[in-house]
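In what follows, a single structure is set out as structure tokens and then discussed.
Naming: A, B, ... by sequence-line order, numbering from 1 per chain. Hydrogens, waters and symmetry mates are skipped; everything else that's a heavy atom, side chains included, is used.
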Amino acid sequence: MAQVDAPAAHDINEIRTTFVHNLAKGHTRENSLKIAQATVNYIRRIIALEKYENIEDLLNVLRTHLRYSISLAPTELVVRNIFLIAMKLAREENMRVLVGVDKEVGNPYDSLNTLWKAEENSANASATGKKMRKGLAATIKEILVELDSSRELIVSRAVLQLNDTVLTYGVSSSPTLRFFLESARRTIKMRQILSVSSQLDDHSGPDFTSSISLRDVAAAMTDVTKVLLPVSVVFPDGSALMPAGSLSIAHAAARHAVPVYGLAAFYKIAPYYSADAASAVNAQAGIGLPVKLADSLRHRVILSPVFDVVPAHLLSLYISNSGAVLPSHMYRLIADYYHPEDLTEEL
Amino acid sequence: FSCKMPPKEDAKNQDAQRLSAVIIAESFEPRFHPITSDKSFGDLAICDVRGIDYSLRWLSRCDIANVVIVVSEKHAPAYHSIESLWKGVFDCVTLVICQNAHSIGDALREVESRNILTGHFLLVPSPISFCSSTLENQIKAFKQRFKKDRNAVMSLIYSESRGDGTCVAINENGRMMAFHSQSDPSQLDSETNEFRATVTIRNDVVDTGIAICSLQALAHFSDNFDFQTRDEVIRHILVNEDIMLQYVNVDVLPSFESAISVFDYSGLIRSNSQLISRLFFPLFPFKCNKNVLINSGNVITSGRQRVRIDGWNSFVGENVSVGTNVFVTSSSIAKKCTLESNCRIVESIVSEGSVIGEGVSLDQVFISNNVIIPKGQILPKKVVIGPNVKLNGSIKVKEGSFISCTPPDEDIEDSVETEKLFDGVYSWIGKTGRDWWSGEWIGREDDDGDDKKDDNKEKEGEEAEDEEGEYDVERVFTSEVLDSLRPALTDKISQETARQIIVEINSSKIAYNISMDRVAALLFVAFLRMPDNNVFSNLKKRMDNYIQILRNYYSNRDGQLGLLEGLNEHLSSNRESFSPLVAKTIHHLYEKDILTEESILGWHEDLEKNDPMIPLVKELIEWLEESDEEDEDEEE
Amino acid sequence: MELEALKSNAISNLNSLMKNEPNISTGLAAIKTLLKTLEISKATTAIELDAELDAVVSAMESTDHSSTSIRSASNLFRKFISLAPADLIDQPDFVNILNFYNNRGRIFIERVARSRDLIGKFSRPFFAHSTRLLTHSYSKVVLSVLRKAQESGVDLEVFVTESQPNASGKKMHEELTKMGINSTLVLDSAVGYLMERMDAVIVGAEGVMETGGIINKIGTLSIAICAKMMNKPVYVMAESIKFVKEYPLNQSDIPEEFKYRTSVRAGRKDLSSEHPEVDYTPPSFITLLFTDLGILTPAAVGEELIKLYT
Amino acid sequence: MGKNKGKSQGGSPSANTGNQQSPKSSEKPKQSEPVAAPAAVPDAPAAANVEQITEQVNNLHLQNGEEANRDDVMAARKAKAAAKAEKAAKAAAKKEADAAAAAAKAGGEASTAAEPKQNNEENKDAERGGPPQSEMSKEEILAARKAKAVQQRAEKAAKAEGKHKQDQTQQLGQKEDLQSKSNLKQASSSPNGNEKGVRFVAHDQKETRDSIHNAFKPLFDRCESGDCEGPDELCLHFMECARQFISQFTWDNEEQLGTMMDDSLSMTLKAITQTDRYPLPYAMGNVVRQLRKEIMQVGRNAMTKRHLLEWLDDSEQQYFSLANSAISQHLQGKIAAATKIITYDWCPVVNHVLIDSKTKGSLKKLTVLDAAKNGPGVRHLTSLADHMGYVEYGDLTAVGSIFERGSLVLLGCSAVLSSGRVCLPKGAFQLSLVARAANVPVLILAPTYKFVDRAQAASRFALLGKTPLDILPPDLITAIVTDIRLLPPSSAPAVLKAKALDDAN
């Protein structure tokens, strides 16, 4: 992805094309932080350029844009998350405009309120578009700040201890994980950091790690004390999308009773469940074979999944910027970022 | 169309300048006209997506500033939407609308006349061209070359393939020495046919058609108005190398990158299945507001509906109704199609709105829009069905034919034989071995009218299709060796001639890049082929005469095995005449110490039990084995 | 005396509801009955009203309908309607309050009526083509969920356990086949044999406990254990009105009124010889609960209950 | 070096002098014949020291005794080669005469033979000659025969290009005395001394290669060049070489043929395994063990080379073709029942089964995984190129998305340990773990010759070097499919017993 920020064009459609185009452009998947940032910028432009009278309009505008982008990059769940976050902020902004800042707004996740559901959304009809635009622009911008800070926050959660032997996967593709390890090294003296690579003898991992290939994991696991995995998306039940190959690592860890930690910044916490396993199978990378061979295997199916779905029970803890969370308690964080009404929408 | 052009830059900092790309949105291939009818070739959908959209998508990954799309007047309207869709992605998308272009040549001339190209450009000769690579390195390399030497005017992008590709001679620094579009080195057309050691001949690569060109290359078209195809320009450059000092480079993509541009139906089918099996990743069937899902087995479905087909590596568009037990593999089914129960579709394309009847089986068939193939209709391979054709289920369709609702129009009618199947349905078949399915048609008439050459070229082409290209090379090689062997000679050949002969054989070896052991075999085949060798006395004499040659090639065991292999091949080709001579020949060679007993025995062991050779050499082998036993005993 | 009247026509009310509307859930029937009492209530103070409602609830619990559902539903209902703004409470005229309660009640009921659809909607992505499901006994929620899936063009294979003693599975099986869902009736004892071929286990619940575990038709536990053993997910479909303030520690800790029908319990000291109606499935055997509040992990249920009852 | 050794043996001053002399020189044959022989050392005094040791060795340590013999067989062979080459170097005309001379010398007072080879020959022959008293007469015959042999060889050698041989002569020349030195060490020292001797061999690849019998050199080279797909191919190749070896090996004395063969074979093995530092690949180890058992029989109870070769042939059949078809027999039912077959990496047995079931039409879906794309597993795909069914290929990252209802995992292995654990290509462990989680049975295909009586597996093997192996614990294995029948991993010892592969024999 050459430039993730939308260009300074002023035709919203152009921006949209560029955005979704950039999503599908890269040969290897861009790291999700970049995607998240790109999405935020995209949304900012939408809010700036699109026309909307009241909150409903705005939400619809956002939804259409969301639909469009996920149709072209169905596997980029992060885009979805960011959009939904933005929608929640929009609702809040709307409320703020309507009932003033300090007025207490009932938590939409309070069960009784959800039961209440007396459609008093009549308020939404009132035209607040103009007023919202300004405030919203600011609040959305805050997401960017939060995104940038998320790394530091995650790093501040110290889970590594003295003389740990840590096994990691996909360090080269996850800057967050790399950042985490680097800063951890500064404070703690670890025995060894093994970085697993899906290729054989590829040493692309950072220099302070010792590279092993995926097939060596089971053997290596015997002297590993902690496993650190990058997370692409966490689902409310605590299961997660992780780079393909993580599943077998997690199983190996489970067999040797080694705790598995997942690094999941807030924008990776999805409020919805993975539509069957498809969403994981869905993302397929290039076939990674020399053309000659590939062509002779043209009528065979070449598997190169991007993600594994790792069930909650294989994971010990998620390290998110708002703290270390048990998989079974992941759902708690959802309320902080999403509005239930947005989630009932079929996307 | 408005467009902000980058300021004209002088050639000095051309290497800083980003490339433009020129896409020819039309196909000037007459065989495509009937199926594209009122649309441009670029509009032809692959997996429900316009072909040209893939090309543009690919280009957008490359470091391309401006895109120039050349389209004919009557197709222009459709392209304004394309322009607006993509102008966000490139600095600028320009439409060049030309009145009556009949070839790539004309199209490029048009572009040249507009002079909107300011520097190097990427020539995409077919609107349906995919590439998995961003060509970053190739472009860089080209720029560097050009900086050093302004005469490196063009570099052609080749990709590796399974030896069924172009055959090209390249020198040590990737410079093209000779070029031919059939995999038949004997027709490497180049005036300077000297093969230095530094020249390698590759027939394991295929021309993707994509080329990086400098403005000089473009100039050739405008200078010479009867150039139709890119290849003509290349030939022109090669031939006049010593006059113009210009040359062409060949850049072979790394083994993990693939590229293709479509010029015929086989290419179309191939590109389709390769695209689906992700050879051009990240290029992929994509569609706005329609979820494109990869289901297990790499069955790509578009839209929300859940189709249930057996098979894999296939694309199924939206609103396709599928019967039970439908098998689809390496094929794409466009939207609104109907597949009735038990039909079987392999390596085919079914375009929008067509109906495939119950139990119909398609293998390598292209089906255009709104075609109806009723139950019971049998279609052979390599058939193209034109738009709106309704078959009745019982008619005979010939392999390699084109089925249309209309008789051919004048621009093609003299090159096809037409047959009326029943009213409203005609079958076209290319004349004089012209294959509707694959091979070149365009620019041939203008070549130099030498039709015979063309035809056998065509045939070689087909053989290349059947991957017999190699065998073919060997045949030519053998005959050449046969000449070199000077069959006329009757008495013992002198040191001098021996040397010459060996040199000649070796040079042809290089020319056809034949492996050493094959040379060994083929040489002996050639040797046996020499006139009146069917009488042993002559043959014996010959063997004595050519003893030096034989010594030279059959000193080591492999060589000897090669010899015997050759003997085998010769036998298989003319059994009755040669079989009586086999044993004698081998024995004589043994006597002459050309063959050692071990190699003979070794060779004999490797023969299949039922090999016709076995009985012929039975005694000989026994005899050898005995003698072998003996000296083993001696050693005791 | 008039409380007695209330009780009696509450019971008749409930029974008629259950009889005439086969698809109505016990819980819903219960709260409808309660609403009726509200409508006809002559109470002039909150205390009186509470007394009436208490009477009605106990009356309903005395019927043979699942008292688990009845209790949870009525608790929730009463909690909900009494959720009134402060300024209303200290109004002199109790009638306004009653009216307020009434329309709160109506809102609640219509909301509850929608909950099955919601559950169906939430659970939709969990069913792919030719998913094989094992279900236990007869459950209206499960039925409606499966119907929804079926309608959205997914063809399922459902295996229904006979679930003795009352063979309620048979009914389930019939309903499913009526809907055109490919269903098979299997012996309760065949669960172990079948499990490896299943994709998921999907059951309803009579009550969802604070533990996140469920109380359901006897046999559920053994199925859940079996599923866990073979790494198959266990999904529970339950409306939020089935959330009960109850914390069973183990099977023996299940309240008797849950375990046995009232008729069975009536005036009996020793129930040890009786066969219990339900068993308790601890949260560790449950993958997810699909409720109208959303898809919850067992851990989340406790939280929701706290939100509900505080 | 040699000096110290001499001392350490408490050798007389003559020992030193002896060591100072060039090994090519020789003297006092009478003494050297019976004594120096075992060590095959030209210089007597050193030999003298060796004598006692070898004797006790011979009495106590039959093993070492054999070693000694073996060593000097080696020396002898080299010497012959040297002779051959020298002859070659001379003009063709002269060579007959020379040979005659050699014959004469040998036939006459052999003890005063000038050339070292002569000397060695005699030492050896004498040593073979058994009881000293009969040695004179014996020796004469031997000498004569040997001379003849030399002559024949010389002629042969001359026929071939002399030049190239000549260089070899030098090499051999040097080699010879190196060799003899090392022999001295080996023979004359206790096990740890042995070690030294080995290190001497080990530190030089070429050294190792030279001490391998010609018949086995191709095997060695192949593995050096690293184009060996695994234990199965290795075994086959070994048997091929063994065939060569047996048919090439000649010995005058029928009784001793067996022992001599075994000697020279075990010497080769020593070189290959760098004196047991690295075990042979287990399967191959079994084959070797069996083979040597047979070889020892040769010469006794009318067992001849021909028998040996026959034995090789049918055991090859047994181990490979028969075992494979038996295994696939056992599996057909299961494969027919499975909706999808999953395999990992390359294994000829698995491949055989797959092709078999393809032809029988019982193969439905097939998944082939590799540690990394474009790995050995591709061979499965190419061998099944004509299979019309669904075939998918991927690397370990795909392991999460391949298992479906009714799948079946088939894995080849390089050995089954007595503990029921199985050595198989790295990565198979993870595959099995995920398979277990998906309730997919994992079958190990193992012909019985792959069962070894060991609890632990080595990490490094002779020839195959550091082959990346996973050790799969029994609890992840549903069954081991052998040519006998399907077995639970726990019954590995039973197989060992049944097939007499355990250490007992």
message: Is A:I287 in contact with chain D via its backbone, its side chain, both, or neither, using a 4.5 Å heavy-atom distance?
response: backbone
- prompt: Where does A:L293 contact chain D at under 4.5 Å (heavy atoms): side chain, backbone, both or neither?
  reply: side chain
task: Return yes when atom NZ of D:K364 has more than 12 non-hydrogen atoms of other residues, nucleotides or ligands closer than 6.0 Å, and no otherwise.
output: yes
- request: Would you check if D:K373 and A:I302 make a side-chain contact, meaning some heavy-atom pair closer than 4.5 Å?
  value: yes
Please flag which part of [X] lies under 4.5 Å from any non-hydrogen atom of chain A: side chain, backbone, both or neither.
X	value
D:N374	both
D:L469	neither
D:D345	neither
D:V368	neither

- prompt: Got a second to check how far D:L369's CG is from A:L303's CG, nearest 0.5 Å?
  reply: 7.0 Å
query: Say you draw a straight line from OH of A:Y169 to OG1 of D:T397; how long is it, rounded to the nearest 0.5 Å?
result: 6.0 Å
For [X] and [Y], work out which heavy atoms get closest and say how close.
X	Y	value
A:R255	D:P473	NH2-CG, 3.3 Å
D:G400	A:D308	CA-OD1, 4.0 Å
D:S401	A:P305	OG-CG, 3.9 Å

- request: With side chain to side chain contact (heavy atoms under 4.5 Å, CB included) as the test, would you mind laying out the steps for D:Y390 and A:V301 before giving the verdict?
  value: CA-CA 8 Å; D:Y390 175 89; A:V301 175; 3.5 Å; yes
message: Quick check for you: among A:H251, A:H299, A:R300, which has the greatest number of heavy-atom pairs under 4.5 Å with chain D?
response: A:R300
- request: Could you have a look at A:I249, A:V310, A:L247, A:L289 and say which one has the most heavy-atom pairs with chain D under 4.5 angstrom?
  value: A:L289
query: Listed by residue number, which members of residues 426-442 of chain D have a heavy atom under 4.5 Å from any heavy atom of chain A?
result: D:K426, D:G427, D:F429, D:Q430, D:L433, D:V434, D:A437
- prompt: Among residues 213-220 of chain A, which ones touch chain D with a heavy-atom distance under 4.5 Å?
  reply: A:L214, A:R215, A:D216, A:V217, A:A218, A:A219
